[in-house]
Amino acid sequence: MQMTPLTYSASYFAVVLLLLGSLASTAVSPRSNWSRIGTPIRILCLSLAVLVAMFTMLLKSSDVILALKITILAVVCGVARWITMFARRQAWWNSWTFFQPLVSNRRLGPTVSDKWGPRNLLQSWQSNLRLQGWSLTILGLVIAMLMSWVSIYLFNRVVGPRASLFASPLVAYGGIVLFDWGRRLSLRGRRLQAQAHIIRSPKEVSAGTYVLYLRPFYEDQRRSVILPTPVSPALGGLMQLFPHGGSEEEQMADAVRPVGNMVAVGIPEEVTPHAGAMRMYLPLDDWKGPVGQLIERARLVVIWLGSTPATIWEVAQAMCTVPPQRLLILVPFQMKNEEYERLRKRVLRELKSRSRSRKNITWNGKLPTLPPRPLRDPDAPEIGFIHFIEGWEARTSCEIDFGGSGALLGNFFSCLARGMRAPFEELVSFEERTGRQHG
């Protein structure tokens with residue numbers, strides 16, 4: 001069956017309408033009468049869009065048109081993946097009813113510190129960088145799609161259709177590189193924006209309105225950067241050009257957004273703060289006092305485990321200060337079992353040394369301890385989640401770490417959302433019982 005240009009146009013116009021309809025369904029308020037059918041409508045629209053694109057591709061056509069249809073199918077699948085990720089984030093934000101609605105960290109900040117120069121010049125520089133970044137990203141995406149189209153056509157004529165499907169992402173490598181440059185430049189603009197959110201004192205953030213994120217500083221080398229887009233064979237490589245979310249730290253800030261704005265201590269020598277958490281900079285020889293105040297006033301304390309002495313102190317300080325429901329510990333999959341066991345013993349020794357002078361009233365006469373390492377599959381890149389209920393009884397779970405851009409069906413935000421659901425439910429229940437947002 002041959003299709004005319006008019007029927008091609010009608011088919012792909014229908015695909016565009018279906019994608020727009022699925023995107024519009026994410027804007028349905030959870031309090032609306034339409035909320036129950038929002039998800040089914042989105043799934044139906046995305047499924048129909050992919051099916052129409054596949055059906056159109058399977059119809060008989062010339063080699064040039066076939067190459068174009070294959071490329072369009074990859075784009076449709078990539079956009080469908082992006083909309084799915086976006087909808088998951090919106091659903092996560094809408095599924096929690098904490099005491100007060102809060103906005104994203106990356107859009108906060110009343111003033112710019114004097115050390116960064118006049119505000120109007122800074123905002124202009126930020127806007128230019130972000131605009132240039134988005135322009136490069138879109139240009140790289142267009143070049144990658146065009147090169148994929150050309151490569152599919154050429155390989156289909158010279159080698160064969162199967163080889164063209166595997167070679168197209170590799171030939172489009174130049175566009176993918178440009179695409180990554182644009183994403184990194186956009187991240188640079190967001191980092192400059194983060195200069196407006198620098199905290200000078202723990203008292204500048206209201207108690208009970210923020211999530212304190214504590215981690216070894218070396219984690220910033222991986223969690224606060226944009227990971228390269230993977231160039232994989234077949235059409236999956238083209239679909240990877242539609243990642244959702246920024247750096248892993250930005251995705252973590254989005255994951256904890258229902259509870260509060262994410263606050264972290266910055267690396268003293270860094271020139272520009274990373275995007276994601278609002279940062280406070282402290283001297284290396286006098287940081288424990290301010291960090292202790294931040295822990296005490298936080299609505300939730302999230303600690304990314306590491307074997308550094310500072311992390312040991314922070315875990316012990318949190319256990320001595322906050323109720324068990326306000327502490328969430330993440331175990332990276334890179335941490336070895338032996339390293340985790342040594343860390344457990346060091347935390348216990350730290351708590352025993354403190355118990356003589358300072359005890360948390362929630363201990364009920366028993367020292368809290370870290371549980372055995374959460375581990376489901378030793379060969380999988382799993383993040384361990386440790387939270388506590390009344391009496392400091394530990395609860396654990398594991399989720400696959402998809403990485404910054406993610407696999408075809410998930411990203412780092414998806415992993416965090418699944419792992420944080422149980423701790424958030426426990427925190428909601430605790431605040432409903434006590435009526436307190438901190439302490």
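In this chain, residues are counted from 1 in sequence order.
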Checklist entry - After noting the C-alpha distance and the side-chain angles of Leu305 and Val315, does the key distance pass the side-chain contact (heavy atoms from CB on, under 4.5 Å) rule? => result CA-CA 9 Å; Leu305 275 190; Val315 173; 3.9 Å; yes

Checklist outcome for this item: side chain to side chain contact (heavy atoms under 4.5 Å, CB included) test vs His387 passes for just one of Gln325, Met420, Arg395, namely Arg395

Item to check | Carboxylate-amine/guanidinium contact Glu431 Arg326, below 4.0 Å | outcome: yes

Item to check | Leu330 and Met252: CA distance, side-chain angles, deciding distance, side-chain contact (heavy atoms from CB on, under 4.5 Å) verdict | outcome: CA-CA 12 Å; Leu330 307 182; Met252 181 174 289; 3.7 Å; yes

Checklist entry - Just how far is it from atom CD of Glu432 to atom CG of Leu427, taken to the nearest 0.5 Å? => result 10.0 Å

Checklist outcome for this item: Here the pair of heavy atoms bringing Ser307 nearest to Tyr218 is N-OH, 4.1 Å

Checklist entry - How would you list, by chain and number, every residue that makes a side chain to side chain contact (heavy atoms under 4.5 Å, CB included) with Met54, sequence neighbours excluded? => result Val50, Leu73

Item to check | Partner residues of Arg223 under the side-chain hydrogen bond (donor to acceptor under 3.5 Å, both in side chains) criterion, sequence neighbours left out | outcome: Glu219, Glu248

Checklist entry - What pairs with Tyr213 under ring-ring contact (aromatic ring centres under 6.0 Å, His included), at least two apart in sequence or on another chain? => result none

Item to check | Partner set under side-chain hydrogen bond (donor to acceptor under 3.5 Å, both in side chains) for Glu249, not counting sequence neighbours | outcome: Ser224, Arg279

Checklist outcome for this item: Shortest non-hydrogen pair, Glu314 vs Ile295, comes out as O-CD1, 4.2 Å

Item to check | Check: Trp304 side chain, Pro332 main-chain N or O, donor-acceptor pair, under 3.5 Å | outcome: no

Next on the checklist: Quick one about Arg433 and Ser429 (side-chain donor to acceptor, distance below 3.5 Å, no hydrogens or angles considered), yes or no?
Outcome noted: yes

Item to check | Side chains of Pro323 and Phe430 in contact at under 4.5 Å (non-hydrogen atoms) | outcome: yes

Checklist entry - Under 3.5 Å, is there a donor-acceptor pair between the side chain of Arg299 and the main chain of Val259? => result yes

Checklist entry - How close do Ala253 and Gly276 get, heavy atom to heavy atom, and via which atoms? => result CB-O, 3.7 Å

Item to check | Test item: Tyr281 side-chain N/O and Ile198 main-chain N/O as donor-acceptor pair under 3.5 Å | outcome: no

Checklist entry - With Arg42, which residues qualify under side chain to side chain contact (heavy atoms under 4.5 Å, CB included), at least two apart? => result Ser22, Ser25, Thr26, Thr39, Leu46, Ile83, Ala87

Checklist entry - Where do Val15 and Ala53 come nearest, in terms of heavy atoms and distance? => result CG2-N, 4.2 Å

Checklist outcome for this item: Across all chains, not counting sequence neighbours, the side-chain hydrogen bond (donor to acceptor under 3.5 Å, both in side chains) partners of Thr311 are Thr308

Checklist entry - Do you know which two heavy atoms are closest between Arg88 and Ser414, and how far apart they sit? => result NH1-OG, 3.5 Å

Next on the checklist: Please check: side-chain N/O of Gln251 versus main-chain N/O of Phe413, any donor-acceptor pairing under 3.5 Å?
Outcome noted: yes

Item to check | Closest contact, heavy atoms only, Ala264 versus Ala277 | outcome: CB-CB, 3.8 Å

